[in-house]
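What follows is a short report on a single structure.
As the structure lists them, so they are numbered: ligands from 1, and atoms in each ligand from 1.
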Amino acid sequence: MTRPLDPSTLPRAVVTGGAGFVGSGVCDRLLADGWRVLAVDNLCTGRRTNVAHLVGDPRFELRVSDVCDPLDVDGPVAAVLQLASPASPFDYLALPIETLRSGAQGTFNALELAKAKGATFLLASTSEIYGDPLQHPQREDYLGNVSCTGPRSVYDEAKRYAEAATMACHRTWGVDTRIIRIFNTYGPRMKPRDGRVVTAFVVQALLGEPLTVFGDGRQTRSFCYVDDLVDGIVRVLARGDHLPYNLGNPSEFTIAELVAEVERLLGPQRVTYLPLPQDDPTRRCPDIGRARTHLGWEPRVALPEGLVRTIEGLRQTLTANP
Ligand code: NAD
Ligand code: UDP
């Protein structure tokens, strides 16, 4: 007869931002892979509902706390994943100081925890560190075209600083570090009014509102389904090296093409054209050669399929909270 596993013998991960859209998916995956998880989240943009299904699991704990405060964690920790940061432009423009602090002090606190515990550290960085890129598609060795004073700089520069801090702690303290640069990721657990374009269009279409296209809709993004991203994150954590990995879906779409895709699934829509936000990148597409070669990773869920799953999830959210 096999005895039930004692959860305290499992490796433990600290996931900052664990009640967020991506972070909660990472918690799910780590638990499924046999980890214990401490999620640290101040709920500034995340939601308890994202991890409600995990409450009561003895392997999971949610600590409502700011990553900018010292991270006191008892006992062993094998991995620290720093995902705590507002991520939607709508959110980080509303929380500019908090965003800078999460990227700077929050990242240092998470790095210090990893150093103290001898844990592997993973930073969730972003394609935004490339700014409005002049190289296409973007490879990890591209240095970027970023405004350091514009409104988006609170996010872009916080993440650039966080990458610099991660590399410095790797070189100086010998912390085993990972950096991932996430490109636009979407999925059913996003907040309906998150403001990012996929959720914005799906929710607007479901509620019969006009779709809000910023600019002329010719700017491009490359949309990755969340399960693919989470799979990339665990691969980088397990087998990556300390240099950055782009994680995103290399299929590139104009925003006008995204409107067409939503119309194909949800019928004809009215469209309202609004001014393009300042410093909105014109094109964005990852070169994922490094993740493909080192980790055998590539996205599997194409936009039409990911959109169907996202529409279903957001429909349920809107029904539960009209
Ligand atoms: P999200 O807003 O859903 O999740 C961020 C989480 O971090 C939230 O739960 C929020 O409450 C928490 N948080 C923010 N500041 C905090 C603080 N100071 N202390 C504790 N918790 C804090 O956004 P997301 O899309 O899930 O993003 C997760 C991470 O991935 C972020 O670091 C983001 O920069 C990065 N990222 C995401 C995308 C994407 O397309 N989803 C793209 C690039 C980078
Ligand atoms: N966008 C849009 N309508 C919206 C929200 C966003 O046209 O309601 C555009 C935005 O200007 C950008 C792209 O969609 O060009 C992606 O925006 P998002 O906020 O999802 O993420 P970003 O890539 O800018 O961080």
Side-chain angles (χ1 to χ4, degrees), residues 15-26 39-48 50-51 62-69 71 81-93 95 97-107 109-110 123-129 132 152 155-156 158-159 162 180-187 189-191 193-204 209-224 226 229-230 233 246-248 253-256 258-259 271-284:
V15 181
T16 72
F21 158 57
V22 175
S24 59
V26 170
V40 177
D41 201 301
N42 69 356
L43 302 176
C44 69
T45 60
R47 296 180 295 175
R48 277 183 194 277
N50 286 340
V51 289
L62 171 64
R63 183 187 294 178
V64 178
S65 165
D66 195 312
V67 76
C68 299
D69 296 332
L71 267 172
L81 295 87
Q82 156 62 343
L83 276 69
S85 169
S88 156
F90 182 81
D91 287 334
Y92 65 69
L93 293 173
L95 298 167
I97 308 296
E98 294 84 347
T99 301
L100 283 161
R101 287 199 170 128
S102 298
Q105 188 59 50
T107 299
N109 286 342
L123 172 70
S125 183
T126 169
S127 55
E128 283 282 321
I129 66 102
D132 191 2
R152 289 175 90 101
Y155 184 66
D156 304 4
K159 292 289 187 180
I180 54 165
R181 294 178 179 159
I182 304 172
F183 284 65
N184 297 66
T185 299
Y186 68 98
R189 233 177 240 167
M190 291 177 96
K191 283 182 301 186
R193 295 297 181 182
D194 175 288
R196 285 177 276 191
V197 68
V198 173
T199 33
F201 286 0
V202 168
V203 168
Q204 287 160 349
E209 299 170 1
L211 308 197
T212 50
V213 171
F214 299 164
D216 59 12
R218 283 191 295 174
Q219 70 272 35
T220 71
R221 292 295 186 271
S222 303
F223 300 108
C224 185
V226 64
L229 171 67
V230 169
I233 291 175
N246 286 337
L247 292 182
F253 295 84
T254 65
I255 298 306
L258 180 64
V259 170
V271 173
T272 302
Y273 289 89
L274 298 173
L276 193 66
Q278 189 181 333
D279 297 331
D280 196 278
T282 315
R283 296 186 74 182
R284 189 182 283 156

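Summarising the local packing, CZ of F253 is surrounded by more than 12 heavy atoms from other residues, nucleotides or ligands at distances under 6.0 Å.
Looking at R152 and E128, a side-chain N of the basic residue comes within less than 4.0 Å of a carboxylate O on the acidic one, giving a salt bridge.
Counting only distance, with no hydrogens or angles, the side chain of D66 and the backbone of N42 share no donor-acceptor pair below 3.5 Å. Side-chain atoms of Q219 come within 3.5 Å of backbone atoms of F214 as a donor-acceptor pair (strictly under, hydrogens ignored). Side-chain N or O atoms of T126 include none that pairs as donor or acceptor with a backbone N or O of R181 at under 3.5 Å. Not a single donor-acceptor pair under 3.5 Å links the side chain of T99 to the backbone N or O of P86.
Closer than 4.0 angstrom to ligand 1 lie heavy atoms from G17, A19, G20, F21, V22, D41, N42, L43, C44, T45, G46, S65, D66, V67, L83, A84, S85, P86, A87, S102, A124, S125, T126, Y155, K159, I182, N184, T185, R196.
In this structure the side chain of V22 reaches within 4.5 angstrom of the side chain of I233, judged on heavy atoms.
Taking the six-membered ring where tryptophan is involved, the planes of Y155 and Y92 are essentially parallel, since the angle between them stays under 30° and well short of 60°.
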Task: Step-by-step salt bridge (Lys or Arg N to Asp or Glu O under 4.0 Å) determination, D194 to R189 - done: CA-CA 10 Å; D194 175 288; R189 233 177 240 167; over 6 Å; no
Report each N/O pair between ligand 2 and the protein that falls under 3.5 Å, naming both atoms.
residue  : atom   : partner : partner atom : Å
ligand 2 : 3 (N)  : T212    : O            : 2.6
ligand 2 : 7 (O)  : F214    : N            : 2.8
ligand 2 : 8 (O)  : T212    : O            : 3.2
ligand 2 : 8 (O)  : T212    : OG1          : 2.9
ligand 2 : 11 (O) : D280    : OD2          : 2.7
ligand 2 : 15 (O) : Q219    : NE2          : 3.0
ligand 2 : 15 (O) : R221    : NH2          : 3.3
ligand 2 : 15 (O) : D280    : OD1          : 2.6
ligand 2 : 15 (O) : D280    : OD2          : 3.4
ligand 2 : 20 (O) : V197    : N            : 2.8
ligand 2 : 21 (O) : N184    : ND2          : 3.3
ligand 2 : 23 (O) : N184    : ND2          : 2.8
ligand 2 : 23 (O) : R221    : NE           : 2.6
ligand 2 : 23 (O) : R284    : NH1          : 2.6
ligand 2 : 24 (O) : R152    : NH2          : 2.9
ligand 2 : 24 (O) : R221    : NH2          : 3.3
ligand 2 : 25 (O) : R152    : NH2          : 3.4

